[in-house]
Amino acid sequence: MLLHKYVIIFPMSKIRIAIIGVGNCASSLVQGIEYYTDNPNASGLMYKKIGQYKIEDIEVVLAIDVDSRKVGKDVSEAIFSEPNCTKRFSNVPRKGVIVKMGNVLDGVADHMKDLIKVDLSQSSIDIVDELKKSGADICICYLPVGSSKAVRFYAQACIDAGVAFINAIPEFICSDVEWSKKFSEKKIPCAGDDIKSQVGATILHRMVTRLIEDRGHKIDNTYQLNIGGNTDFLNMKDESRIVSKRISKTNAVTSILDNKDIGVRIGPSDYIPHLKDNKVCYINVKGTQFGGVPFELDLKLSVEDSPNSAGVMTEIIRSLKIAKDRGLSGNINEISAYAFKSPASQIRDDQAKKVFEDFINI
Ligand SMILES: NC(=O)c1ccc[n+]([C@@H]2O[C@H](COP(=O)([O-])OP(=O)(O)OC[C@H]3O[C@@H](n4cnc5c(N)ncnc54)[C@H](O)[C@@H]3O)[C@@H](O)[C@H]2O)c1
């Protein structure tokens, strides 16, 4: 039998990214691109290749921040500037990408004004123009929690500039029908909201509570306490800024449970400066087992917070580029359900991984 083989050859291309917010997450992402380019077989990555794309294909072409210790510096230097405190695991050579001044809006909380040094004499660049000039394919929003106006401002700038959008923060953009429609109308894909770390508190809590229900026990109540010493945790000391964070983290767990009528408290709990970027999470579950007998489970997770989300971000970037290459638009739920705490539609993690792999392998 004669087999006809059709080989489709895609041109190898770079994925040009813009970063909004050059904080600890951006630092780990930029370091990670360098690290896995130099050590392609090193552990810590879930997918070496997604479609045709390797990590080394990701290239930062634009970086925006408002802190005067970062603005004006090459991105390779800005990622290690204070108050960033995540671990240095890679040497990043000069990139020739100078961090530009963004639009502050509600990005800097009142109680953070002594720590985030904004030079008010500096005016914001024209974001739409800079996005267009940079040739960015995808823009990542890494703003502080509670930047409700700022995230919408940058999302709209991406729509106006025709740039795909990734929302790493707990503001409901890609999961919102109206925003997703706006991206669809401009034929731009987006993925979000609130990135789910590789082995973090959310996926662990989801897995363990599902395990308990799948094995026939009943959950009566659960809590998840999180402490850390980075600027993300300091920012989240203001309870008024973390309303959406609590909703995002709580729904991420309760949405996949059969019995939602339980006592639940999940969210950021305290800022402990000496922990720096080390996040510690405590999960407790109480319930009833066979014969109505009570049980209790306690779990502690201690991880470097920012690298824990950077690996997942490298997957989101590469899969969203695939969506862009295929001409898809609006929220790409195959990516969002896998990689974010608040996708438009929630599915269990084992199913989400399958759906994601089907999507990237087509
Ligand atoms: N594992 C994780 O690290 C993880 C997981 C889920 C979500 N997130 C979210 O990702 C976001 C980024 O986290 P991070 O640890 O890098 O925070 P960070 O505080 O280290 O960085 C935020 C950066 O944004 C800058 N910024 C503030 N206002 C701005 C504006 N208007 N325009 C441009 N830049 C502005 C700040 O100067 C800072 O450099 C947070 O919202 C965090 O909650 C992180």
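Heavy-atom basis, side chains included; hydrogens, waters and symmetry copies ignored. Numbering of ligands and ligand atoms starts at 1, following listing order.
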Relative to the heavy atoms of [X], which atoms of ligand 1 are at a distance of less than 4.0 Å?
| X | value |
| --- | --- |
| Lys70 | 38 (C), 39 (O) |
| Asp194 | 6 (C), 7 (C) |
| Gly107 | 27 (C), 28 (N) |
| Ser309 | 1 (N), 2 (C), 3 (O) |
| Gly21 | 23 (C), 24 (O), 25 (C), 34 (N) |
| Val22 | 39 (O) |
| Asn24 | 15 (O), 16 (O), 20 (O) |
| Ile169 | 11 (C), 41 (O) |

Taking atom types as modelled and ignoring hydrogens, do the side chains of Gln156 and Lys182 form a donor-acceptor contact shorter than 3.5 angstrom?
yes
Side chains of Asn230 and Lys279: donor-acceptor distance under 3.5 Å anywhere?
no
Look at [atom] and say which protein heavy atom is nearest, naming residue and atom and giving the distance to 0.1 Å.
| atom | value |
| --- | --- |
| atom 12 (C) of ligand 1 | Tyr142 O, 3.3 Å |
| atom 16 (O) of ligand 1 | Cys25 N, 2.9 Å |
| atom 6 (C) of ligand 1 | Ile195 O, 3.2 Å |
| atom 38 (C) of ligand 1 | Asp65 OD2, 3.5 Å |
| atom 21 (O) of ligand 1 | Gly23 CA, 3.2 Å |
| atom 18 (P) of ligand 1 | Thr231 OG1, 3.5 Å |

Would you check whether [X] has a nitrogen or oxygen atom less than 3.5 angstrom from a nitrogen or oxygen atom of ligand 1?
| X | value |
| --- | --- |
| Ser306 | no |
| Asp232 | yes |
| Ala26 | no |

Which part of Lys279 is near ligand 1, with near meaning a heavy atom under 4.0 Å away: side chain, backbone, both or neither?
neither
Does Val104 approach ligand 1 within less than 4.0 angstrom via side chain, backbone, both or neither, non-hydrogen atoms only?
backbone
Determine, using heavy atoms of [X] and all atoms of ligand 1, whether some pair is separated by less than 4.0 Å.
| X | result |
| --- | --- |
| Lys245 | yes |
| Lys341 | yes |
| Asp305 | yes |
| Tyr154 | yes |
| Leu143 | yes |

Can you tell which of Pro144, Ala168, Ala109, Pro170 gets a heavy atom nearest to atom 27 (C) of ligand 1?
Pro144
Heavy atom to atom 31 (N) of ligand 1, shortest distance: which of Asn103, Leu105, Asn235 holds it?
Asn103
side-chain contact (heavy atoms from CB on, under 4.5 Å), that's the test. Do Leu29 and Tyr142 meet it? Break it down for me.
CA-CA 11 Å; Leu29 174 64; Tyr142 271 142; 4.0 Å; yes
Note: Asn235 and Ala109 closest approach over all heavy atoms is OD1-CB, 3.7 Å
Shortest non-hydrogen pair, Ile79 vs Ser27, comes out as O-OG, 3.2 Å
Test: ring-ring contact (aromatic ring centres under 6.0 Å, His included). Region: residues 149-168. Which pairs qualify, not counting sequence neighbours?
Phe165-Phe183
Applying side chain to side chain contact (heavy atoms under 4.5 Å, CB included), name anything that partners Ile227, two or more places apart in sequence or on another chain.
Ser269, Asp270, Ile272, Leu275, Val280, Tyr282
Can Asp119 and Ser68 be said to form a side-chain hydrogen bond (donor to acceptor under 3.5 Å, both in side chains), step by step?
CA-CA 6 Å; Asp119 177 356; Ser68 55; 5.9 Å; no
Taking the six-membered ring of Phe80 (Phe, Tyr or Trp), confirm whether the NZ or CZ of Arg88 is under 6.0 Å from its centre and within 45° of its axis.
yes
Start with the C-alpha gap between Ser175 and Asp193, add the side-chain angles, then the distance that decides, and say whether side-chain hydrogen bond (donor to acceptor under 3.5 Å, both in side chains) holds.
CA-CA 6 Å; Ser175 58; Asp193 300 302; 2.6 Å; yes
So, do [X] and [Y] sit near enough that their side-chain heavy atoms are less than 4.5 Å apart?
| X | Y | answer |
| --- | --- | --- |
| Asn24 | Asp305 | no |
| Ile242 | Pro268 | yes |
| Asp67 | Pro83 | yes |

Steps toward side-chain hydrogen bond (donor to acceptor under 3.5 Å, both in side chains) verdict (Asn284, Glu296)
CA-CA 7 Å; Asn284 174 276; Glu296 179 169 9; 2.7 Å; yes
The test is side-chain hydrogen bond (donor to acceptor under 3.5 Å, both in side chains); show your working for Asp261 and Asn259 and say whether it passes.
CA-CA 6 Å; Asp261 186 22; Asn259 175 23; over 6 Å; no
